[in-house]
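Read the structure below first, then the notes.
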Amino acid sequence: MNKIALPIALIALVASIASFFYLQSSSDLVYVDVNKLLDGYKRTKIVKAEFDEKAKTMKSNVDSLLANWQKELKTYEKERSGLSKKELELKQQLLGNKQQQINNYQQAVQKQLQEEDKKVTQTVINDINDFVKEYGKKNGYKVIFGATGSGTIMYGEESADLTDKVLEELNAEFEGK
């Protein structure tokens, strides 16, 4: 019986050591720095530049309306002494209405810009997420964590950081290489 027990024990020992190393190597934990991916992704820069240009144009329109209103207000201040009481009331009401319209327009522009910024940012994030998912499948990773700087991953060895590799391939795919 001892003759059989020793080989079984050796086989069990070898199997447990082999399974330990197999499980150890196949369950490596890896991560990407999400902020670094967003900042380094070339599509992010293009989308941000397009958004900034649109925002600049819309803010310029608001500034132009405000400048015209201020000009009308200064004209009113100069002409005020020569106007009748009824003309003063009418002019004040017109200026007040115009100011309210400009304020409403300015708020609508700000809301629209916030929504568009959120939308384009989410589109870029979706692209990155889809790419990382395919990257993980292609390279045999079971899990790729995303570090955001807000405590999701407090520490990771450099060897577990895939950010640079993923970013390089992500940009290459975007550029069609």
Q | N61/L65 under side-chain contact (heavy atoms from CB on, under 4.5 Å): CA gap, chis, key distance, verdict | A | CA-CA 6 Å; N61 290 342; L65 290 171; 5.6 Å; no

Separation between NZ (K36) and CG (L167), nearest 0.5 Å, reads 7.5 Å

N171 side chain to K42 main-chain N or O, any donor-acceptor pair under 3.5 Å? yes

Worksheet entry | Full working for side-chain contact (heavy atoms from CB on, under 4.5 Å) between E116 and Q112 | CA-CA 6 Å; E116 285 190 37; Q112 182 181 354; 2.9 Å; yes

To the nearest 0.5 Å, atom CG of L66 lies from atom CG of L73 at 11.5 Å

Rounded to the nearest 0.5 angstrom, the NZ-CD distance for K118 and Q114 is 9.5 Å

Next item on the list: Carefully, step by step, assess D52 and K48 under the rule salt bridge (Lys or Arg N to Asp or Glu O under 4.0 Å).
Entry: CA-CA 6 Å; D52 288 346; K48 183 171 175 19; 3.2 Å; yes

In this structure, CE of M58 is separated from CG of D63 (nearest 0.5 Å) by 12.5 Å

Q: Go through the steps for L113 and F51 under the test side-chain contact (heavy atoms from CB on, under 4.5 Å), then give the verdict.
A: CA-CA 8 Å; L113 288 174; F51 174 79; 4.1 Å; yes

One should read off an interatomic distance between E89 CD and S84 OG, to the nearest 0.5 angstrom, of 8.5 Å

Interatomic distance, CG@D164 vs CD@E169, rounded to 0.5 Å, equals 12.0 Å

Taking every heavy atom of A160 against every heavy atom of L29, the minimum-distance pair comes out as CB-O, 3.2 Å

> Taking it one step at a time, do N104 and Q100 satisfy side chain to side chain donor-acceptor pair (under 3.5 Å)?
Replying inline: CA-CA 6 Å; N104 291 343; Q100 186 60 44; 3.0 Å; yes

Exercise. When you look at NZ of K165, are more than 12 heavy atoms from neighbouring residues, nucleotides or ligands closer to it than 6.0 Å?
Worked result: no

Q | Side chains of E72 and N68, donor plus acceptor under 3.5 Å | A | no

Tell me if a side-chain donor or acceptor on S64 pairs with a main-chain N or O of S60 at a distance below 3.5 Å. no

State, yes or no, whether a side-chain contact exists between V132 and L37 at a heavy-atom distance under 4.5 Å.
yes

Exactly one candidate in N129, I128, T123 meets side chain to side chain contact (heavy atoms under 4.5 Å, CB included) with I125; the answer is N129

Could you walk me through whether Q110 and Q106 pass the side chain to side chain donor-acceptor pair (under 3.5 Å) test, one step at a time? CA-CA 6 Å; Q110 288 174 344; Q106 187 174 26; 5.5 Å; no

* To do: Step by step, work out the salt bridge (Lys or Arg N to Asp or Glu O under 4.0 Å) result for E77 and R80.
  => CA-CA 5 Å; E77 292 292 331; R80 182 175 152 157; 3.7 Å; yes

**Request:** Apply side-chain contact (heavy atoms from CB on, under 4.5 Å) to the pair Y41 and V124, showing each step before the final yes or no.
**Result:** CA-CA 9 Å; Y41 185 27; V124 171; 3.7 Å; yes

Side chain of W69, backbone of L95: donor and acceptor closer than 3.5 Å?
yes

Q.
Below 30° counts as parallel, above 60° as perpendicular, anything between as tilted: where do the rings of Y135 and Y141 land?
A. parallel

Scanning both residues in full, the closest heavy-atom pair of F131 with V166 reads CE2-O, 3.6 Å

Can any side-chain N or O of T44 pair as donor or acceptor with the backbone N or O of D39 at less than 3.5 Å? no

